[in-house]
Peer 1: 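Handing you this structure, nothing more for now.
Start at 1 and go down the list; that is how both ligands and their atoms are numbered.
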Amino acid sequence: MSGEHLGPSPSLAADRLAYDPAWVYLLRCTDGSLYAGWTNDLARRLHAHRTGAGGAKYTQSHGKAAVQLVYAEACADKSAALKREAALKKLPKAQKEALAADWAARSRLTLRMATPDDAADVMALYNWYVTHGTQTFQYEPSTEADYRQNITEVLEKAPFLVAYTADGRLAGYACAHPWHTRRSFAWDVETTVYCAHDVVGQGTGRKLYTALLELLRRQGYHNAFALVTRPNPQSDAFHKALGFTRYGVEKNSGYKFGRWLDLGYWAYPLNPPADPPAPVRLRLPDAEMAAVLAECTDA
Ligand SMILES: CC(C)(COP(=O)(O)OP(=O)(O)OC[C@H]1O[C@@H](n2cnc3c(N)ncnc32)[C@H](O)[C@@H]1OP(=O)(O)O)[C@@H](O)C(=O)NCCC(=O)NCCS
């Protein structure tokens with residue numbers, strides 16, 4: 001058979017760019033003390049501290065569910081993280097507090113509606129997952145022009161939210177697209193959320209989705225759906241925590257980086273099904289949008 005009749009070639013394991021995360025962090029316990037630790041998965045480790053399932057003995061006896069992340073630092077690898085953890089543990093409390101204060105100031109989040117000029121930042125954040133992970137089925141990186149168009153089109157009917165840190169980094173974005181094109185589906189949206197790979201597990205996703213879902217609810221949409229590739233335990237846990245319910249799994253739905261992946265279908269009821277439903281408000285008044293975003297922006 002000649003090559004011109006073949007479809008796209010698969011993405012193989014060797015096409016994946018390597019990433020071995022390592023972190024050190026400080027947690028504030030309920031008695032004000034600071035706990036220093038290291039991890040290769042910040043979100044999972046925080047969850048373990050808070051639930052007690054595999055968390056450190058210290059945090060279990062010092063507030064557990066109420067411990068707060070007050071400092072996070074990415075390290076080159078596990079060995080660097082272990083060294084840095086040992087150094088952090090030895091720091092006097094005042095120096096740990098100074099690190100925490102600086103981190104809080106730098107990472108303070110502002111949520112706002114995106115503009116096409118955010119396209120380069122959004123593209124860079126998303127393309128990291130295209131090249132390193134299976135959170136998205138996409139093989140080829142998107143271009144800035146793709147995202148300029150995407151942001152413009154999304155904003156015609158739904159929010160495209162960006163969360164920037166005080167020091168100017170895009171920490172995450174969340175948006176919604178029409179679920180299907182026929183008129184009868186006009187009350188349904190598909191939601192998307194991505195946080196920068198070095199900012200996951202720090203509450204950005206919750207702030208973005210909380211604002212997004214509230215704006216969609218006020219617009220009069222009825223159902224939000226989310227598609228989550230499997231495995232993606234982080235996104236599964238996240239959607240569950242935010243009130244979504246998984247109602248189906250498409251087995252072996254896509255192939256990327258040398259493996260077959262399932263696709264999980266998640267649903268979130270935004271409004272009860274009115275009969276007949278009022279038309280969706282394609283754009284909320286600016287003051288109403290600003291009030292919702294202010295609720296989810298760090299003081
Ligand atoms: C999934 C994602 C958007 C979640 O955002 P986040 O900022 O990391 O999550 P948050 O810190 O806001 O966590 C919110 C809740 O989700 C749950 N959660 C998040 N990550 C978790 C993990 N790894 N393990 C267990 N629970 C987790 C927790 O219950 C947390 O609850 P809390 O707010 O009471 O602490 C983010 O991790 C991400 O961008 N991941 C990579 C890209 C991706 O998978 N996007 C989704 C595509 S469908």
Side-chain angles (χ1 to χ4, degrees), residues 16-17 19 21 23 25 27-28 39-55 59 63-70 72 74 107-109 111 121-138 142 161-165 169-177 179 189-213 224-246 248-250 253-254 256-257 261-268 296-298:
R16 180 184 200 144
L17 299 186
Y19 176 57
W23 296 88
Y25 59 90
L27 297 180
R28 188 178 302 287
T39 178
N40 56 13
D41 184 334
L42 193 54
R44 198 173 57 209
R45 188 73 187 133
L46 284 177
H47 189 68
H49 278 296
R50 287 180 182 138
T51 56
T59 48
K64 207 164 79 175
V67 295
Q68 266 188 321
L69 180 72
V70 292
S107 30
R108 199 166 43 80
L109 284 185
L111 263 62
D121 287 346
V122 173
M123 174 204 72
L125 189 159
Y126 176 72
N127 281 345
W128 191 91
Y129 291 102
V130 173
T131 53
H132 290 79
T134 52
Q135 293 88 348
T136 162
F137 279 122
Q138 193 171 320
S142 295
L161 301 178
V162 285
Y164 276 91
T165 58
R169 287 169 297 130
L170 179 65
Y173 69 89
C175 58
H177 308 260
W179 178 239
V189 283
E190 177 188 342
T191 53
T192 301
V193 57
Y194 279 85
C195 297
H197 71 276
D198 54 356
V199 180
V200 293
Q202 297 171 32
T204 307
R206 182 181 278 282
K207 288 189 180 111
L208 280 165
Y209 241 30
T210 301
L212 180 72
L213 295 172
F225 297 103
L227 300 178
V228 180
T229 58
R230 301 185 77 215
N232 186 348
Q234 192 169 43
S235 187
D236 282 351
F238 173 78
H239 280 89
K240 197 167 168 199
L242 270 287
F244 279 70
T245 307
R246 190 167 66 210
V249 174
E250 207 170 87
S253 185
K256 187 178 177 191
F257 292 146
L261 300 159
D262 297 345
L263 187 58
Y265 285 74
W266 293 77
Y268 180 92
C296 298
T297 285
D298 290 339

Peer 1: For this output row, return yes or no: ring centroids of Tyr209 and Phe244 closer than 6.0 angstrom.
Peer 2: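 Yes, they do, as the ring centres are separated by less than 6.0 Å.
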
Peer 1: Do Arg45 and Trp23 make a side-chain contact, defined as non-hydrogen atoms from C-beta onward lying under 4.5 Å apart?
Peer 2: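 With C-beta onward as the side chain, the pair stays apart.
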
Peer 1: At a 4.0 Å threshold, what atoms of ligand 1 neighbour a non-hydrogen atom of Arg44?
Peer 2: 23 (N)

Peer 1: Should the proximity of Tyr209 to ligand 1, defined as any heavy atom under 4.0 Å, be assigned to the side chain, the backbone, both, or neither?
Peer 2: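 Looking at Tyr209 and ligand 1, no heavy atom falls under 4.0 Å.
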
Peer 1: Are the side chains of Leu261 and Pro231 in touch, meaning some heavy atoms are under 4.5 Å apart?
Peer 2: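 Yes, at least one pair of side-chain atoms sits under 4.5 Å.
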
Peer 1: Is there a protein heavy atom less than 4.0 Å away from atom 30 (C) of ligand 1?
Peer 2: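 Flag for atom 30 (C) of ligand 1 set to false, no protein heavy atom closer than 4.0 Å.
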
Peer 1: When only distance counts, is Asn232 in polar contact with ligand 1, meaning an N/O pair under 3.5 Å?
Peer 2: yes

Peer 1: Do the non-hydrogen side-chain atoms of Thr165 and Leu109 ever get within less than 4.5 Å of each other?
Peer 2: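 Result yes, sub-4.5 Å side-chain heavy-atom pair found.
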
Peer 1: Run down the list Ala196, Ser235, Ala241 and name the one with the heavy atom closest to atom 1 (C) of ligand 1.
Peer 2: Ser235

Peer 1: Using distance alone, decide if ligand 1 has a nitrogen or oxygen within less than 3.5 Å of any nitrogen or oxygen in Gly203.
Peer 2: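 Indeed, backbone or side chain, Gly203 has an N or O that close.
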
Peer 1: Under 4.0 Å from any heavy atom of Val200, which atoms of ligand 1 are there?
Peer 2: 8 (O), 36 (C), 37 (O), 38 (C), 40 (N)

Peer 1: Could you tell me, atom by atom, which parts of ligand 1 come under 4.0 Å of a heavy atom of Ala237?
Peer 2: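 Close to Ala237: 17 (C), 25 (C), 26 (N), 27 (C).
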
Peer 1: Measure up the Tyr265 and Trp179 rings against each other and bin them: parallel (under 30°), tilted (30 to 60°), perpendicular (over 60°).
Peer 2: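 Answer is perpendicular, since the angle exceeds 60°.
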
Peer 1: With heavy atoms of Leu227 as the reference, note each atom of ligand 1 found under 4.0 Å away.
Peer 2: 48 (S)

Peer 1: Does any N or O atom in Gly205 lie less than 3.5 angstrom from one in ligand 1, N or O only?
Peer 2: yes

Peer 1: Do Asp41 and ligand 1 have an N or O pair less than 3.5 Å apart?
Peer 2: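 No - when backbone and side-chain N and O of Asp41 are compared with those of ligand 1, no distance drops under 3.5 Å.
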
Peer 1: Sorted by first residue and then second, give each salt bridge (charged side-chain N to carboxylate O under 4.0 Å, His left out) pair with at least one member in residues 200-211; sequence neighbours left out.
Peer 2: Lys207-Asp298

Peer 1: Do Leu242 and Tyr268 come close enough that some side-chain heavy atom pair is under 4.5 Å?
Peer 2: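 Not in contact.
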
Peer 1: Can you find a non-hydrogen atom of Ala226 under 4.0 Å from ligand 1?
Peer 2: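 Per 4.0 Å heavy-atom rule, Ala226 does not contact ligand 1.
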
Peer 1: Are any of the side-chain heavy atoms of Leu27 and Leu46 separated by less than 4.5 Å?
Peer 2: yes

Peer 1: Would you mind checking which non-hydrogen protein atom is closest to atom 40 (N) of ligand 1, with the distance to 0.1 Å?
Peer 2: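 For atom 40 (N) of ligand 1, the nearest protein heavy atom comes out as Gln234 OE1, 3.5 Å.
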
Peer 1: Between ligand 1 and Cys195, is the shortest N or O to N or O distance under 3.5 Å?
Peer 2: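 Yes, at least one N or O pair falls under 3.5 Å.
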
Peer 1: Which of parallel (below 30°), tilted (30 to 60°) and perpendicular (above 60°) describes Trp266 and His239?
Peer 2: tilted

Peer 1: Applying a strict 4.0 Å limit to heavy atoms, is Leu208 in contact with ligand 1?
Peer 2: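 Heavy atoms of Leu208 never come under 4.0 Å of ligand 1.
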
Peer 1: Do Thr192 and His177 touch side chain to side chain, with heavy atoms closer than 4.5 Å?
Peer 2: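 They are in side-chain contact.
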
Peer 1: Any N/O of Val193 closer than 3.5 Å to an N/O of ligand 1?
Peer 2: yes

Peer 1: I want to confirm something. Looking only at heavy atoms, which of Tyr129, Tyr173, Tyr194, Phe238 is nearest to atom 41 (C) of ligand 1?
Peer 2: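 Among Tyr129, Tyr173, Tyr194, Phe238, the closest heavy atom to atom 41 (C) of ligand 1 belongs to Tyr129.
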
Peer 1: Within ligand 1, which atoms have a heavy atom of Gln202 less than 4.0 Å away?
Peer 2: 11 (O)

Peer 1: Evaluate the criterion side chain to side chain contact (heavy atoms under 4.5 Å, CB included) for residue pair Leu111 and Leu208; output intermediate values, then yes/no.
Peer 2: CA-CA 7 Å; Leu111 263 62; Leu208 280 165; 4.1 Å; yes

Peer 1: Show the nearest heavy-atom pair for residues Thr191 and Leu213, with the distance to one decimal.
Peer 2: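 In this case the closest contact between Thr191 and Leu213 is CG2-CD2, 4.5 Å.
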
Peer 1: So which protein heavy atom does atom 23 (N) of ligand 1 come closest to, and at what separation?
Peer 2: Ala43 CB, 3.4 Å

Peer 1: Check contact between Arg50 and ligand 1, using heavy atoms of the residue and a distance below 4.0 angstrom.
Peer 2: yes

Peer 1: Answer whether the closest heavy-atom distance between the side chains of Asn127 and Ser142 falls below 4.5 Å.
Peer 2: yes

Peer 1: Looking only at distances, please establish whether an N/O atom of ligand 1 is found under 3.5 Å from an N/O atom of Gly201.
Peer 2: yes

Peer 1: At a 4.0 Å threshold, what atoms of ligand 1 neighbour a non-hydrogen atom of Arg206?
Peer 2: 12 (O), 31 (O), 32 (P), 33 (O), 34 (O)

